[in-house]
Amino acid sequence: MKDLKPILKKITEIEDLRRIAERKVPRMFYDYVDSGSWTETTYRSNETDFDRIKLRQRVLVDMDNRSLATQMIGESVKMPVAIAPTGFTGMMWADGEIKAAQAAEKFGVPFSLSTMSICSIEDVAENTSAPFWFQLYVMRDQGFMANLIQRAKDANCSALILTADLQVMGQRHKDIKNGLSAPPKPTLANIINLMTKPQWCMNMLGTKRHNFGNIVGHAKGVEDLSSLSSWTAEQFDPRLSWDDVARIKDAWGGKLIIKGIMEPEDAIMAARSGADALVVSNHGGRQLDGALSSISALSDIVQAVHAENSDIEVWLDSGIRSGQDVLKAISLGAKGTMIGRAFLYGLGAYGEDGVRRALELIYNECDISMAFCGHTDINNVTDDILVKGTYENLKIPNY
Ligand SMILES: Cc1cc2nc3c(=O)[nH]c(=O)nc-3n(C[C@H](O)[C@H](O)[C@H](O)COP(=O)(O)O)c2cc1C
């Protein structure tokens, strides 16, 4: 990989990338990323609950030749971290999904493309060579769904992620107040805000991808923006059930990941559905505000899956902002993790280079923390690295 630009060497934590993204990205898109639903308590506890877990320092252990390499659903990964599917990503940076997918490919971790992406499945496939994962939102229009699944197959996507926690939509106050849309509407407030983001505007002028690439021109009656917003509002299917999971699994015929599991009962259903992985996730605190943090839901789900004798992989997302968070999730039994905002901040700050920097920071923090805890191989890490009493009671507030 080519050397980092000098400016990126001074970026030492994900928080640096967040601050720069906040400056560079138009307000409505930055707010769309950096917010949770309603009071944002779940959004906040996703991060703060990681901080409650403490690590055990070990010394005088040979810490040479360390490795974070492992597998997620049989795919070799440089570390147990994948890029989570996120909507509107091409509004954080021009052609954002392509840039993030290229960064992930070069780094050696999987990239997931959202149904609600700006760059289409075909756009990303044409600009990358590693297979990526496609995330499916289930819509009422069955013809459109069948076509979307076929397009993901034609693009050689190596897994389908079924997002299970968006049958109804959580409310983020800022999105309503900002009048979130892609591209932004030419209101006075937006024009004034865009004037302060020259680099973003120049980059956007250089691409034609300003709209939902998987939908516009593909779904019946959606040829332009005005029809898109009413279409999406009507289309998310609130009737989605475990029967549909079986139907989707058959139609897809490949590896299936179910994302958005927070309770052991649902984890058992996911295991019985024959899915290859489930993601313990509360959608980054964007859906049910007042739900547990994702990390506090993990242990019970790992145990339930274990008791079921299932070989479904348990992954975790929501709240990961550092390599230590990844290490803690792995030590509590996750086989892999996904990151949303951590890569989006990098993308908004510096495009592809920023995503690469976000991945490097997470890698280095995870690697060094693992060494401090006396391990050299991520595959051998267990909850032995955690201080007893700091992780068992995460569900109890202020224990
Ligand atoms: C801006 C944004 C957009 C998202 N869009 C989607 C989406 O289109 N599909 C999906 O399954 N999850 C979506 N998510 C949820 C992420 O896949 C992931 O679960 C979440 O970001 C993890 O939390 P984190 O951001 O704290 O890492 C989105 C999250 C964010 C922050």
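When a ligand or atom number is given, it counts from 1 through the structure's own listing order. Everything numeric in this text was worked out from a predicted model, so none of it was measured.
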Next on the checklist: Check the orientation of F111 and F343. Use parallel for under 30°, tilted for 30 to 60°, and perpendicular for over 60°.
Outcome noted: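 F111 vs F343 ring planes: perpendicular.
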Checklist entry - Which class fits the ring pair F88 and F29: parallel under 30°, tilted 30 to 60°, perpendicular over 60°? => result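 Judged by the thresholds at 30° and 60°, the geometry between F88 and F29 is tilted.
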Next on the checklist: Show me which atoms of ligand 1 lie under 4.0 Å from any heavy atom of R321.
Outcome noted: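 Counting from 1, the qualifying ligand atoms are 24 (P), 26 (O), 27 (O).
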Next on the checklist: As an exercise, identify every atom of ligand 1 less than 4.0 angstrom from a heavy atom of V33.
Outcome noted: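 Every atom of ligand 1 under 4.0 Å from some heavy atom of V33: 1 (C).
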Which residue from [options] reaches closest to [atom] through any of its heavy atoms?
atom	options	value
atom 16 (C) of ligand 1	S281, P85, G87, S112	P85
atom 3 (C) of ligand 1	Y137, F88, Y32	Y32
atom 18 (C) of ligand 1	N46, D317, L162, I339	D317

Nearest-neighbour protein heavy atom for [atom], which is reported as residue plus atom name and distance:
atom	answer
atom 15 (C) of ligand 1	H283 CD2, 3.5 Å
atom 8 (O) of ligand 1	S114 OG, 2.7 Å
atom 12 (N) of ligand 1	K259 NZ, 3.0 Å
atom 24 (P) of ligand 1	R341 NH1, 3.5 Å
atom 21 (O) of ligand 1	G340 CA, 3.5 Å
atom 31 (C) of ligand 1	R286 NH1, 3.5 Å

Checklist entry - Any idea which part of T163 is under 4.0 Å from ligand 1, heavy-atom wise: side chain, backbone, both or neither? => result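 Under 4.0 Å from ligand 1, T163 contributes side-chain atoms alone.
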Item to check | Geometric cation-pi criterion K328 and Y391, 6.0 Å radius, 45° cone | outcome: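 No, K328 does not sit over the ring of Y391.
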Checklist entry - Does any N/O atom on G319 come nearer than 3.5 Å to any N/O atom on ligand 1? => result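 So ligand 1 has an N or O lying under 3.5 Å from an N or O of G319.
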Next on the checklist: Test your reading of the structure: does Q135 have an N or O sitting under 3.5 Å from an N or O of ligand 1?
Outcome noted: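 N/O-N/O distance below 3.5 Å exists for this pair.
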Donor-acceptor pairs under 3.5 angstrom involving side-chain atoms of residues 144-155: please list them, not counting sequence neighbours.
| unit_1 | atom_1 | unit_2 | atom_2 | d |
| --- | --- | --- | --- | --- |
| Q150 | NE2 | D154 | OD1 | 2.9 |
| R151 | NE | E122 | OE2 | 2.8 |
| R151 | NH1 | N214 | O | 2.9 |
| R151 | NH1 | H218 | ND1 | 3.4 |
| R151 | NH2 | E122 | OE1 | 3.0 |
| R151 | NH2 | H218 | NE2 | 3.2 |
| K153 | NZ | A251 | O | 2.8 |

Next on the checklist: Could you walk me through whether E40 and R172 satisfy the salt bridge (Lys or Arg N to Asp or Glu O under 4.0 Å) test, starting with their C-alpha distance in whole Å, then the side-chain angles of each, then the deciding distance to 0.1 Å, before giving a yes or no?
Outcome noted: CA-CA 9 Å; E40 301 190 333; R172 291 178 301 275; over 6 Å; no
Next on the checklist: With rounding to the nearest 0.5 angstrom, report the CD1 to OG1 distance, I257 to T163.
Outcome noted: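 Answer rounded to 0.5 Å: 10.0 Å.
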Item to check | Flag, side chain of R286 to backbone of Q171, donor-acceptor distance under 3.5 Å | outcome: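 Checked: no pair found.
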Item to check | Check: C366 main-chain N/O paired with S369 side-chain donor or acceptor under 3.5 Å | outcome: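 Side chain of S369 to backbone of C366: no pair is present.
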Checklist entry - Do R321 and Y345 have side-chain atoms, one donor and one acceptor, less than 3.5 Å apart? => result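 Checked: R321/Y345 side chains show no N/O donor-acceptor pair below 3.5 Å.
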